[in-house]
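Scroll down for the structure; my scribbles are underneath it.
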Amino acid sequence: QVQLIESGGGLVQAGGSLRLSCAASGRTFSNLAMGWFRQAPGKEREFVAAITRSGGSTYYADSVTGRFTISRDNAKNTMYLQMNSLKPEDTAVYYCAATPYYRDLRNSDEYNYWGQGTQVTASS
């Protein structure tokens with residue numbers, strides 16, 4: 001089993017920045033590909049960003065490309081999401097997810113493990 005705990009969410013003015021963290025335990029972190037998803041009220045969960053096991057490849061939703069950066073520190077068993085130039089439409093609960101095997105990291109069905117989520121609110 002893998003336990004994932006997100007932190008770093010909060011309230012920020014539009015144009016501001018936040019850095020989310022996802023701490024993992026229970027399995028060798030470097031064997032897991034990781035992703036961030038978000039869900040706004042009344043909307044379906046959507047892909048935000050993903051990173052491969054080594055961190056060598058990253059993937060982003062078009063809506064966050066150029067503003068968000070995903071990274072990981074395998075020595076600390078932690079993944080990050082640096083969010084800059086936040087917009088009100090970025091407001092959502094952000095979830096981290098992990099999977100040991102995958103074909104398409106943009107697909108939430110590929111992930112076996114999920115965190116409890118952290119709220120991000122960007123006010124206008």
Keeping Q116 on the side-chain end and I5 on the backbone end, is there a donor-acceptor pair under 3.5 Å?
no
From CG (L20) to CZ (F68), nearest 0.5 Å
8.0 Å
M83 side, atom CE; T69 side, atom OG1 - distance, nearest 0.5 Å:
11.0 Å
Going from OG1 on T52 to OH on Y59, what distance comes out if it is rounded to the nearest 0.5 angstrom?
6.0 Å
Would you list the atom pairs, donor with acceptor, under 3.5 Å between side chains in residues 23-32 and any protein atom, with sequence neighbours excluded?
unit_1, atom_1, unit_2, atom_2, d
S25, OG, Q3, OE1, 3.3

Identify the heavy atoms of M34 and C22 that sit nearest to each other, and give their distance.
CE-SG, 4.1 Å
Keeping the roles fixed (side chain from R72, backbone from A33), state whether a donor-acceptor pair exists under 3.5 Å.
no
Single-linkage hydrophobic cluster W36~L86, side-chain heavy atoms < 4.5 angstrom:
yes
Counting the benzene-type ring for Trp, do Y111 and F37 have ring centres under 6.0 Å apart?
yes
N/O donor-acceptor pairs under 3.5 Å from side chains in residues 93-108, not counting sequence neighbours:
unit_1, atom_1, unit_2, atom_2, d
Y94, OH, R38, NH1, 2.9
Y94, OH, D90, O, 2.6
T99, OG1, Y101, N, 3.3
T99, OG1, Y101, O, 2.6
T99, OG1, E110, O, 2.9
T99, OG1, N112, OD1, 3.1
D104, OD1, R106, N, 3.0
R106, NH1, Y60, O, 3.0
N107, OD1, D109, N, 2.9

Selection residues 36-65 - residue pairs positive for disulfide bond (SG atoms under 2.5 Å apart), sequence neighbours left out:
none
With a cut-off of 3.5 Å and sequence neighbours excluded, list every side-chain donor-acceptor pair involving residues 117-124.
unit_1, atom_1, unit_2, atom_2, d
T118, OG1, G9, N, 3.3
Q119, NE2, A92, O, 3.4
Q119, NE2, T121, OG1, 3.3

List, one per line, each side-chain donor-acceptor pair under 3.5 Å for residues 10-19, sequence neighbours excluded.
unit_1, atom_1, unit_2, atom_2, d
S17, OG, N84, OD1, 2.9

With clusters defined by side-chain heavy atoms of hydrophobic residues (ILVMFWY) lying less than 4.5 Å apart, directly or transitively, does M79 cluster with L4?
yes
N/O donor-acceptor pair under 3.5 Å between T78 side chain and N74 backbone
no
Scan residues 28-57 for pairs that pass disulfide bond (SG atoms under 2.5 Å apart), counting only residues two or more places apart or in two chains.
none
